[in-house]
Structures are given as structure tokens and as C-alpha cells.
Amino acid sequence: MFELTNISYTYVGGVSALDDVSLRVESGRSVALTGANGCGKTTLLRILNGLIFPTKGEYRFEGTKIDKQALKDAQFAKTFHRRVGYVFQNVDSQLFCGSVEDEIAFGPRQLELSEQECRQRVDDCLALLEIEHLRTRAPYATSGGEKRKIAFASVLSLNPDALVMDEPLAGLDASTQTLIIELLKKLREAKKTLIFATHNEELVQTIADTRVRLDFGKVVDVSQST
Amino acid sequence: MQVPQWLLQEERITPPKDRDAFIRKSAAALTYVLTKARRIDERQRSRIAFSTQIKLALTLLFVLLVAASRNFAFVEIVGVALLVLLATYEQEKLARVLILPIQALIISLIILAPSLLLGQTRAFVVVPCKTFLTTTAISLLAYSTSWNRFTCAFKSFGAPDSALFIFDLTLKYVVVLGEICLETLEAVRLRSVGRNRRKAQTLGGIVGVAFLRAQKSAQEQFDAMTCRCFSGKYRRFKAPMRKIDLLGVALCLGLLSLFIYLEIAIRCSN
């Protein structure tokens, strides 16, 4: 599904974030990116989502090269973004609607699903993330953990084939962490592709089929979970 | 936990067409501005490493005298000196310094073009020259000096603390707010997977989120500064005078003397 070949990424000012990284993620697999802060995990996830493009190397999604040119085609870009959901590390930036239910319905409404179907998805996502009580609240007025749940719900409502997550458990209490891990287990069983950057060992052990360890922008170890 | 059936199935939806280039273009424009703003942080040391106070005084004096000068010989002399200084810069750095002055030069030439029709050829030459020189001097100062040094230099010139505080926070938040807006625009782009019938509402949401987060960040930054004993007063930074700074003072005096001499000369010739 995702294929990165010898990609490198250098930020303005010459800071190298990724150096000659190659990675292949098959559909339905789950991959954990681990490594110290600043090792290039977020940069790699942003490349996978087509938010930035490698300065060297090639990135292909289901055989199609993802670059600036490819994403200029609005239809392709929309299909790509629908199929690859992204939960930001900083969920504050991800929420921009006036109420939680509008936030979750934003994607389905754009797909021109019927209003009844949109409502169904909103209800299901609210129930799934146990945030029914937040339905009419403004997302910015909720707590950090609640914002992360809302961000998850807003991405899941699009029913993406692949879910890319940057520190999905950051800032969550123990019970919410358990909830998210259970949800990811179910999604993995449903053959969704999961790629996430994390420092949480439990998440890696429970969810990941493959662990990719990065160090100073290089892949230093790829191991299969037992 | 009961996962809904629709979430367990693969969907093949053809997204409806929509005109939403504004998100992509806004994000691209913001990225460009932020890239430039971040580059400002990698400031280079200038060729002559005067203290910021001297650089600021010299630049302000330069701008003032070039603008006030009625003798074009003064403009020519300082222009040559400035061009010699620019000639010592590498090509890439030179391009960064000159991009703004060249834009200013072109605009001033366009504005003054009608003066040619009225026979005012002198104004057509003098004003763009002065514009180019003054903007180049400011661009050089901005390129070679970091923002926190500017704050120090302004304090040395007696700027009030409240003005410095606003200046300091504003500069920091140009980048911070830009990043907030960019991240939110990216989130909108990632979830713009079809036809958005509520574009105005979405745009309002982005602006609203940016405003609320800016307010929150400013409050948090002020609280953090208070917790670290910031009382609203900036201390005056007393940098020791170095030999190179004496050269800067001499340059200021030389510039002023040249200006007075040439102004007297032009009066006498009249």
C-alpha cells in the first residue's frame, strides 16, 4: 500500500530529518515507528500523508507516485486523503468546527452522504469514542484528552483504509488509553492499515506487526512483533 | 466495544468535484511566508560585526541623511560605499538582502513614471535611488541582526517597556500564529474530501481557532514569564564598547560630516 524508496528530507536551513529511508507497508498491516524525539517520525508521517514531499527518493501509494504534481489533481488528492486518515500530534490544530458533531460530520457531509447517514456516522463515532456528552460542545473548549478523542472520531467518520497517527496516546489517561488500544485492535482485525509513531511500549506490543526504529533520520532496525 | 459495520467495510467513493483551490493556495502562501520567517532566525553575522546599538544608530542615521539630502553627490558617495559592502556578500545571501529593495525600486519607478512626462527627470532618478539605498540599508540590518538583539538595542535607545513587550511578543507570534494557521489549513485540506457547501463557515472556524489559540498562547507565555520573575521591565543591556564599535561611531560621525559639508557646498553654489 505504502512504498518509500530511499527517501530523504531536509528542512529549510539544511536540517536533515530523514536520510535514505526505505519502507514498505502492505495493506492491512500495522507498523509502529519508534525512536527518540527529533529522529524523524513526524516528518515520515507527514510525507505519508502528502503534506510534505521528499527532497530525494520516491513515495508511492498503491503504485501511484505521490508528489506535488500528483496532488495537484484535486480528485486524486481527495481520494487519497479520504483513504489515508491522519491524527495529528497536536490535535488542537485539527479541530476547527463550532461543535463536536459538526467536526465529526465535516468529512461525511463533503462526501455528500445523505443527512441520515451522516447523523448515523456521527452517532456511531461519538459512541465508539465514548464522547456522546460532548456532542454540542465547542471542540476548543474541551480538555486535551477529549480533543484527541474528537480528532479520532472526525477521522474515523471518513472510514479511511489507512490510519496514520502521531503519538495517538499522548496526553491520555489510563482508561482512555485502554479505549484507544481496544479500538485500534478492532480496526486491525478489520484489516485497516495502521501506521503510528509512539513511545508507548504497550501500544507497540499490542498493535504493531512491525516495529521500525529510527535514529537521527535513519532506519536502524525493523523487527516483526512476535 | 461495538465497532459500527460501515467502519469495518472498505468503501469506494468517488469524491464530488469542488472548487477549493483557496485552501491549497493559502497553505502554500503561508508556508512560503513561514519559511522566510524561519530563515530570519538563521541570521548571519554581518561583514563588520558592530554591536546592534551601533548598527541601528548607523542605519537610522543613514536613512535619515539619505532622505534629507539635497545634494545628489552625497547619495552617490554613500551608494557606492553600500554597493562595495554588498559586493562582499555571497550570491545567495545577496539575493536575500536585495529582493525587497529591488521590489521597492520597481514600485517607486512605476509610481514616478508620470513625472517623466512632465519633464521631471531629476525626481525620476533621485527618488528611486534614495528608495533603493534606504531599503537596502534596512534589509542589511534586518538580515544581520536577530530579533532579541533588536529588543536590546531599542531598550538602549530608551524605548518604553510596554512598547518593547508588544514588539517582542508580536515578533514571536508572527511565526507561532502562522504555524497554527498552517496546521489548521492542513487539517482542513486532509479532510476536504469532497464538496464543501459551508466554505465560509470553515474559513470562519480556522480564523476563530487561530484567534482563540493566539489569545491562549499569549496568556500562557505571559504567565510563564511571570513565573520566571518577569515584572514587565526590560533591563538595559550595557554592552562594553569594543574597538570595532569605535569604528562604527567614527563612521556615523563621518557620514554626518560628509552630509553637512555637501549641504553647505550646495548652498554656497546656489
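Fair warning: this is a prediction, and the values are worked out from it, not measured in the lab. Chain A is the first sequence line, chain B the second, and so forth, proteins listed ahead of strands; every chain is numbered from 1.
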K.L.:
Flag yes if more than 12 heavy atoms outside A/Tyr140 fall under 6.0 Å of its OH atom; otherwise flag no.
P.N.:
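At most 12 heavy atoms, drawn from other residues, nucleotides or ligands, come within 6.0 Å of this atom.
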K.L.:
Is A/Arg83 close to chain B through its backbone or its side chain, or both, or neither, when contacts mean heavy atoms under 4.5 Å?
P.N.:
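Just the side chain, heavy atoms under 4.5 Å.
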K.L.:
Side chain, backbone, both or neither: which part of A/Lys192 has a heavy atom under 4.5 Å from chain B?
P.N.:
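Just its side chain gets close to chain B.
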K.L.:
Hey, does B/Glu186 have a side-chain heavy atom less than 4.5 Å from the side chain of A/Arg46?
P.N.:
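They are in contact (side-chain heavy atoms under 4.5 Å apart), so the answer is yes.
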K.L.:
Verify the distance criterion only: is there a donor paired with an acceptor across the side chains of A/Asn159 and B/Trp6 at less than 3.5 Å?
P.N.:
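No - no donor-acceptor pair under 3.5 Å links their side chains.
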K.L.:
Does atom OH (A/Tyr11) have a neighbourhood of more than 12 heavy atoms from anything else shown, all under 6.0 Å?
P.N.:
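More than 12 heavy atoms, drawn from other residues, nucleotides or ligands, come within 6.0 Å of this atom.
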K.L.:
Distance check, rounded to the nearest 0.5 Å: B/Leu7 atom CG versus A/Ser157 atom OG?
P.N.:
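Going from CG on B/Leu7 over to OG on A/Ser157, the span is 9.5 Å.
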K.L.:
Could you have a look at A/Val155, A/Asn90, A/Leu187 and say which one has the most heavy-atom pairs with chain B under 4.5 angstrom?
P.N.:
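Looking at each of A/Val155, A/Asn90, A/Leu187 in turn, A/Asn90 comes out on top.
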K.L.:
Which residue, A/Leu156, A/Asp124, A/Leu128, forms the side-chain contact (heavy atoms from CB on, under 4.5 Å) with B/Val3?
P.N.:
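Of the listed residues A/Leu156, A/Asp124, A/Leu128, the side-chain contact (heavy atoms from CB on, under 4.5 Å) partner of B/Val3 is A/Leu128.
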K.L.:
So do B/Leu190 and A/Leu51 actually touch side chain to side chain, heavy atoms under 4.5 Å?
P.N.:
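Touching, per the 4.5 Å side-chain cut-off.
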K.L.:
What part of A/Gln89 gets closer than 4.5 Å to chain B, counting heavy atoms only: side chain, backbone, both or neither?
P.N.:
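For A/Gln89, there is no contact with chain B at all, as no heavy atom is under 4.5 Å.
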